[in-house]
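Beneath this line is the structure, given in structure tokens, with notes to follow.
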Amino acid sequence: MLLEGKNVLITGASRGIGRATAIECARHGAAVALNWFKDREGMEETLAEIARLGRRAVEVEGDVACPESAERFVSAAAAALGGVDVFVSNAGICPFHAFLDTPIEVFERTMAVNLHGAYYMTQTAARQMRLQGTGGVLIAISSISALVGGGMQAHYTPTKAGVHSLMQSCAIALGPYGIRCNSVMPGTIATDINREDLADPAKRAYMEKRIPLGRLGEPRDVAGCVVFLASDLARYVTGASVLVDGGLFVNLQ
Ligand code: NAP
């Protein structure tokens, strides 16, 4: 029960890592507010799972790329739950595309959702935390891609380096308010975002072979790290990043 009495907000919680994070936070005693965009059915499933755990959950639909969504999400969450203690910026897209002919719309949308959306949401949550005056925790779901490249991801990897950098700057800007800011860098986690890419058995086997722990990650693997960073166990951790990749990053060969 690492998050008993905490209110945790998570963007992109209808599926994948966001859903697993919502469930894990609820398992640790938190009340949760969940943003989603297109997957209503997925959101219903997340809510049902949290209800089974006997925890409170509210949902707010909204495209994180629109600045107004941040205001709507944070104010609705604060009103429903009574405040904001932890904010997890998770919503993201990764439309794989070769660099040389990536359409400008794909580049702009990926930046708008992953980087601009994270910025609007983080800033709005931080303003609410400052208003409350009791500190808080901001966590960005960055990626191993903040540290290494991907030939089909030149429009994506800069967004993940960007949110990591955002957390570093926020750690400095918000330290005086008692707000800790960190990023989590997942490796290859099996979710919808890479389902197509990993559908090729040869590609999947190659990835598994490169991971020292011998398997792809599961959304729950990332959620555990988020719970740790959100909790008081990490009370002196800010401006940091944690790789959750089964050892992939350090495996040069
Ligand atoms: P996923 O299963 O595809 O889930 C993505 C989530 O983001 C969904 O809940 C989706 O909501 C939401 N979302 C997408 N666009 C949105 C928008 N404009 N506004 C609000 N919500 C939006 O992917 P995932 O793997 O869990 O990815 C979650 C995060 O982890 C992303 O930031 C991704 O970059 C990062 N990450 C993933 C991996 C990996 O290997 N899976 C590795 C490193 C980092 P709707 O479906 O409701 O639209």
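In listed order, ligands and their atoms are each counted from 1.
- For the residue pair N35 and T11, no side-chain donor N or O sits within less than 3.5 Å of a side-chain acceptor on the partner.
- Considering T188, V148, L243, L213 in turn, T188 is the only one that fulfils the side chain to side chain contact (heavy atoms under 4.5 Å, CB included) rule with L248.
- Pocket lining of ligand 1, defined as residues with a non-hydrogen atom under 4.0 Å away: G12, A13, S14, R15, G16, I17, N35, W36, F37, K38, D39, G62, D63, V64, N90, A91, G92, I93, R109, V113, I141, S142, S143, Y156, K160, P186, G187, T188, I189, T191, D192, I193, N194.
- Residues M129 and Y177 fail the side-chain proximity criterion, which asks for heavy atoms closer than 4.5 Å.
- R215 has a carboxylate O that lies under 4.0 Å from a charged side-chain N of D221, or vice versa, which qualifies the two as a salt bridge.
- Side-chain contact check for W36 and E59: at least one donor-acceptor pair (N or O, by modelled atom type) lies under 3.5 Å.
- M185 has its side chain out of reach of V244: every pair of non-hydrogen atoms, C-beta onward, lies at least 4.5 Å apart.
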